[in-house]
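Structure record follows, encoded as structure tokens.
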Protein chains: 2
Amino acid sequence: MATGRTHRPATRSRGIPEATVARLPLYLRALTALSERSVPTVSSEELAAAAGVNSAKLRKDFSYLGSYGTRGVGYDVEYLVYQISRELGLTQDWPIVMVGIGNLGAALANYGGFASRGFRVAALIDADPAMTGKSVAGMAVQHADELEKIIDANGVSIGVIATPAGAAQQVCDRLVAAGVTSILNFAPTVLSVPDGVDVRKVDLSIELQILAFHEQRKAGEGQEEDVADVDVAGAVDAGGSAAAAAAATKQTRKGPDGDVPAVMPA
Amino acid sequence: MATGRTHRPATRSRGIPEATVARLPLYLRALTALSERSVPTVSSEELAAAAGVNSAKLRKDFSYLGSYGTRGVGYDVEYLVYQISRELGLTQDWPIVMVGIGNLGAALANYGGFASRGFRVAALIDADPAMTGKSVAGMAVQHADELEKIIDANGVSIGVIATPAGAAQQVCDRLVAAGVTSILNFAPTVLSVPDGVDVRKVDLSIELQILAFHEQRKAGEGQEEDVADVDVAGAVDAGGSAAAAAAATKQTRKGPDGDVPAVMPA
DNA sequence: CAGTGTGAAATGCTTCACAGCT
DNA sequence: AGCTGTGAAGCATTTCACACTG
């Protein structure tokens, strides 16, 4: 009890690991699918396969929520759906505002996944007066001036930012000042927020870059040691940045661990 | 997932932790911004702040790449941009195909962040014949029939799936069969792929659900023990699922650790 | 039995703190 | 003097393996 932790007193039992929380929506989705097919129960093995994780992890995850299974049988689908929904806070209604109704914002507004899970788009907001009044996803876009009023009137505590990077921090500040305490950020910027405000970010290009890293590595399979220049898919070089090449010469760079100095224009 | 022999014994020096790889794009973004402002060098402290991480972590991350800094001074911005780009594989050109040009697909096609970082959209593909030939982001949408041909002709190894959930696995299979080995999946489904193919997923509603979890918890701040029903922002209950309530009664549920049975319709 | 729930071991990641270089 | 680079300590997460239960 009273685990003298600095971040979050976590009374006693409410210590659900962040990694587990991040997987609950996944389980929920798999369970919802089963529920729609009227499957009454699942084993940890089956559900884990459907959610794309391993079964030991799933059982451990569920153990943080309580003992919701039946030994020798498995889990009751409907019951688990309810428990996880409740744990995630989806049994209540979450009004959200979306700021920045460009291509991405419109796509998000049209995205069905929100409404189906307790989220309700209370307003679409854009700073461009030309957008005001336009209908997106069956909803009139409102001007940024209305932001505070809308947040207040609807008791909004979650905001979604889909503006260009340059506007994001400013929008964020206004959201926070108006009472929003959770932000989902699609703009490619680091947002700074006061303590007590949560920010999660989704950066589309970051994901691709991570894939590129692994993809590049695949090409260099088989033999290592000679990291020289394995060229993938016919693309040889494309010389990243000329300035970088210049800067490179003035430094005593050292490869990974005394390895080859890597491909670099002398 | 059967970790066959895929999971890299790390020949010796090439053991860059996954967590580090995931942060490299972040550093790169911060560095690019500095570079544009013609800042010549940064300290780990400054760069860490710009990237939103702590400086010890950043230094440790960089140490996996090599010794690219100068003690007493910091890191040369241009040089580091180059090194990270190279490590991520961004000094080469990555042709990608995007499948599913709905709202989200169009948003992605228009998203500037790709082109700026070595990625080149080789083709936009949609299964709907009505979309064929339409121009999106200055590019003609092509029909799904062309998929294999396009992948082959362009040497595409990265695919982006932005189709509805129902079509995703099928599209995925075709991509893989045609030679794609990295997939970025926006459809809310678990994709199964053969060994050697990487999948990363972005699920918009999952992120919101995680925020909701933390948001819900904030409301219960101050006193614990009585988890009864702290109502947030005026939203009282909204009784999740009637079916779940029914299912609930037939089970000897046990709260987190013998805690209150939680709010639940008798 | 079959399948959950969970201590305990293994692995991975972050943070500390300081030696060592410029 | 200042700041990087890194062992070692501290946490968090995953995996193992098996006692326990319906």
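Worth knowing before you read on, the calculation uses all heavy atoms, side chains too, and leaves out hydrogens, waters and symmetry mates. This structure is a prediction, so every number in the text was calculated from the model and none was measured.
Residue pairs meeting the salt bridge (Lys or Arg N to Asp or Glu O under 4.0 Å) criterion with at least one member in residues 38-54 of chain B, sequence neighbours excluded, do not occur. For residues 25-58 of chain A, the ring-ring contact (aromatic ring centres under 6.0 Å, His included) pairs, not counting sequence neighbours, are Tyr27(A)-Phe62(A). Sorted by first and then second residue, the salt bridge (Lys or Arg N to Asp or Glu O under 4.0 Å) pairs involving residues 52-74 of chain B (not counting sequence neighbours) are Arg23(B)-Asp61(B).
Within residues 39-51 of chain A, the residues having any heavy atom closer than 4.0 Å to DNA chain C are, in order of number, Ser43(A), Ser44(A).
Between Glu36(B) and Thr32(B), the side chains place no donor N or O within less than 3.5 Å of an acceptor N or O (distance only, hydrogens not considered).
Looking at residues two or more places apart in sequence or on another chain, you find no side-chain contact (heavy atoms from CB on, under 4.5 Å) involving Ala49(A). Residues meeting the side-chain contact (heavy atoms from CB on, under 4.5 Å) test with Ala22(B), sequence neighbours left out: Ile210(A). Listed by chain and number, the residues in a ring-ring contact (aromatic ring centres under 6.0 Å, His included) with Phe213(B) amount to none (sequence neighbours excluded). Residues passing the salt bridge (Lys or Arg N to Asp or Glu O under 4.0 Å) test with Arg29(A) are Asp203(B), sequence neighbours excluded.
Spacing between atom CZ of Arg59(A) and atom C1' of dC18(D) amounts to 11 Å, rounded to whole angstrom units. One can place CD1 of Ile16(A) at 15 Å from P of dA12(D), the figure rounded to the nearest angstrom. Atom-to-atom, CG of Leu58(B) to P of dT6(D) comes out at 14 Å; the value is rounded to the nearest Å. Between the OH atom of Tyr75(B) and the P atom of dT22(C) there is a distance of 14 Å, given to the nearest Å. One interatomic measurement links the two molecules: CG of Asp76(A) to P of dG22(D), which rounds to 16 Å at whole-angstrom precision.
Each of Val73(B) and Gly72(A) has a nearest nucleotide on DNA chain D; the 5'-most of these lies closest to Val73(B).
For dT4(D), its base sits under 3.5 Å from the side chain of Arg71(B) at one donor and acceptor pair at least.
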Grab the N/O contacts between the protein and nucleotides 9-15 of chain C below 3.5 Å, and write none if there aren't any.
unit_1, atom_1, unit_2, atom_2, d
dT14(C), OP1, Arg23(B), NH1, 3.1
dT14(C), OP2, Arg23(B), NH1, 3.3
dT14(C), OP2, Arg23(B), NH2, 2.8
dT15(C), OP2, Asn54(B), ND2, 3.1

